[in-house]
Amino acid sequence: MSNPDTGKRLLIVDDDESILDTSKMMLSALGYSVESAVSGETALALLRESPEPFDLIMTDLSMPDMDGRQLINKIQEQGFSGPIAVISGYAIETDDLPGNVVGVLMKPYRMKDLSEKVKSFLEK
């Protein structure tokens, strides 16, 4: 079955490089164009330098230096108004999340979970 969202640009942010690499590989296999960042600072630089806007940003909440909440606030300060999703290994209340957070993807996740969640995030 083809993916109607093929070609959508995604940015995924996680300080765990193995999770980042695996997620990027799975998302690419689903037909998405994926950029990745191991820190909030790297993600902000990618946002500033990217010639094309991202259709979805997904970020881990628990990261050193700049956590996911701080990153989300800075992303919005830079003018990003698209959907933002949170990746977490911990149960969290979505009411506690800032701005245009459209949902949570719980770690660990499988390809099917990732596919379904990303589709739902892009629809919001």
Side-chain angles (χ1 to χ4, degrees):
M1 189 164 109
S2 68
N3 179 355
D5 294 323
T6 295
K8 295 273 186 176
R9 292 193 74 230
L10 310 183
L11 173 59
I12 185 165
V13 187
D14 198 310
D15 61 307
D16 183 326
E17 289 191 49
S18 63
I19 290 173
L20 200 59
D21 291 345
T22 302
S23 299
K24 186 174 181 176
M25 185 179 64
M26 291 191 316
L27 289 164
S28 295
L30 290 167
Y32 297 106
S33 172
V34 186
E35 295 284 335
S36 60
V38 296
S39 70
E41 288 301 328
T42 304
L44 292 171
L46 279 169
L47 270 173
R48 281 191 301 271
E49 296 162 9
S50 177
E52 297 286 321
F54 289 98
D55 296 297
L56 171 66
I57 296 174
M58 300 190 317
T59 182
D60 186 18
L61 277 187
S62 302
M63 297 185 291
D65 301 324
M66 182 188 309
D67 71 21
R69 285 178 173 81
Q70 293 168 315
L71 175 59
I72 291 165
N73 289 328
K74 288 181 185 269
I75 287 170
Q76 291 172 332
E77 286 169 15
Q78 282 192 9
F80 182 79
S81 60
I84 300 171
V86 166
I87 305 167
S88 181
Y90 307 99
I92 52 174
E93 291 295 323
T94 52
D95 298 345
D96 296 340
L97 298 172
N100 29 335
V101 172
V102 295
V104 178
L105 175 63
M106 294 301 298
K107 292 188 222 180
Y109 45 84
R110 295 189 189 118
M111 183 86 141
K112 184 177 187 289
D113 303 327
L114 184 62
S115 175
E116 290 170 0
K117 282 290 195 173
V118 169
K119 281 182 187 175
S120 75
F121 296 154
L122 285 166
E123 289 170 4
K124 295 182 180 179

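The analysis underlying the following values was restricted to heavy atoms, covering all of them including side chains, and did not include hydrogens, waters or symmetry mates. Count residues from 1 along the sequence.
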For this session: Please name all residues satisfying side chain to side chain contact (heavy atoms under 4.5 Å, CB included) with Gln70, sequence neighbours left out, ordered by chain then number.
Result: Met66, Asp67
Exercise. What pairs with Met111 under side chain to side chain contact (heavy atoms under 4.5 Å, CB included), at least two apart in sequence or on another chain?
Worked result: Met26, Ala29, Leu30
For this session: For residues Val13 and Ala43, report the shortest heavy-atom separation together with the two atoms involved.
Result: CG2-CB, 3.6 Å
Exercise. Could you state the interatomic distance from CG (Leu71) to CD1 (Ile84), rounded to the nearest 0.5 Å?
Worked result: 7.5 Å
For this session: May I ask you to say whether Glu116 pairs ionically with Lys112, meaning some side-chain N is under 4.0 Å from a carboxylate O?
Result: yes
Exercise. Looking at residues at least two apart in the chain, or sitting in another chain, which of them share a side chain to side chain contact (heavy atoms under 4.5 Å, CB included) with Ala45?
Worked result: Arg48, Glu49
Exercise. Met63 and Asp14: which non-hydrogen atoms are nearest, and at how many Å?
Worked result: SD-CA, 4.1 Å
Problem set entry | Residue pair Ser50 / Arg9, side-chain heavy-atom distance below 4.5 Å | yes
Exercise. What's the shortest heavy-atom distance between Asp60 and Ser88, and which atoms?
Worked result: OD1-CA, 4.3 Å
Seminar exercise, completed: Scanning both residues in full, the closest heavy-atom pair of Gly68 with Thr59 reads CA-OG1, 4.2 Å
Problem set entry | Nearest-0.5 Å distance, CG of residue Leu10 to OG of residue Ser28 | 8.5 Å
Problem set entry | Non-neighbouring partners of Arg110 that pass side chain to side chain contact (heavy atoms under 4.5 Å, CB included), sequence neighbours left out | Asp113
Exercise. Do other residues, nucleotides or ligands put more than 12 heavy atoms under 6.0 Å from Gln78 CD?
Worked result: yes
For this session: Using atom types as modelled and distance alone, determine if a side-chain donor or acceptor of Ser120 lies under 3.5 Å from a backbone N or O of Lys117.
Result: yes
Exercise. Would you call Ile72 and Val86 a side-chain contact if the rule is heavy atoms closer than 4.5 Å?
Worked result: yes
For this session: Decide if atom NZ of Lys74 counts as having more than 12 heavy atoms of other residues, nucleotides or ligands within a radius under 6.0 Å.
Result: no
For this session: Please report the closest heavy-atom contact between Ser33 and Gly7, naming both atoms and the distance.
Result: CB-O, 4.1 Å
For this session: Examine Met25 and Leu105 and state if one hydrophobic cluster contains both, with Ile, Leu, Val, Met, Phe, Trp and Tyr joined whenever side-chain heavy atoms are less than 4.5 Å apart.
Result: no
Seminar exercise, completed: In this structure, OH of Tyr32 is separated from CD1 of Ile12 (nearest 0.5 Å) by 12.0 Å
Seminar exercise, completed: Rounding to 0.5 Å, atoms OG (Ser62) and CG (Asp15) come to a distance of 8.0 Å
For this session: Give the minimum heavy-atom separation between Ile87 and Met58, together with the two atoms involved.
Result: CD1-CB, 3.9 Å
Exercise. Got a second to check how far Leu11's CG is from Phe54's CZ, nearest 0.5 Å?
Worked result: 4.5 Å
Exercise. How would you list, by chain and number, every residue that makes a salt bridge (Lys or Arg N to Asp or Glu O under 4.0 Å) with Lys124, sequence neighbours excluded?
Worked result: none
For this session: Please list all pairs passing the side chain to side chain donor-acceptor pair (under 3.5 Å) test where one or both residues lie in residues 37-47, with sequence neighbours left out.
Result: Ser39-Thr42
For this session: First locate atom CD1 of Ile57, then atom CZ of Phe80, and finally report the distance between them rounded to the nearest 0.5 Å.
Result: 4.0 Å
Exercise. Stepwise, does the side chain to side chain contact (heavy atoms under 4.5 Å, CB included) test hold for Ile19 with Tyr109?
Worked result: CA-CA 10 Å; Ile19 290 173; Tyr109 45 84; 4.0 Å; yes
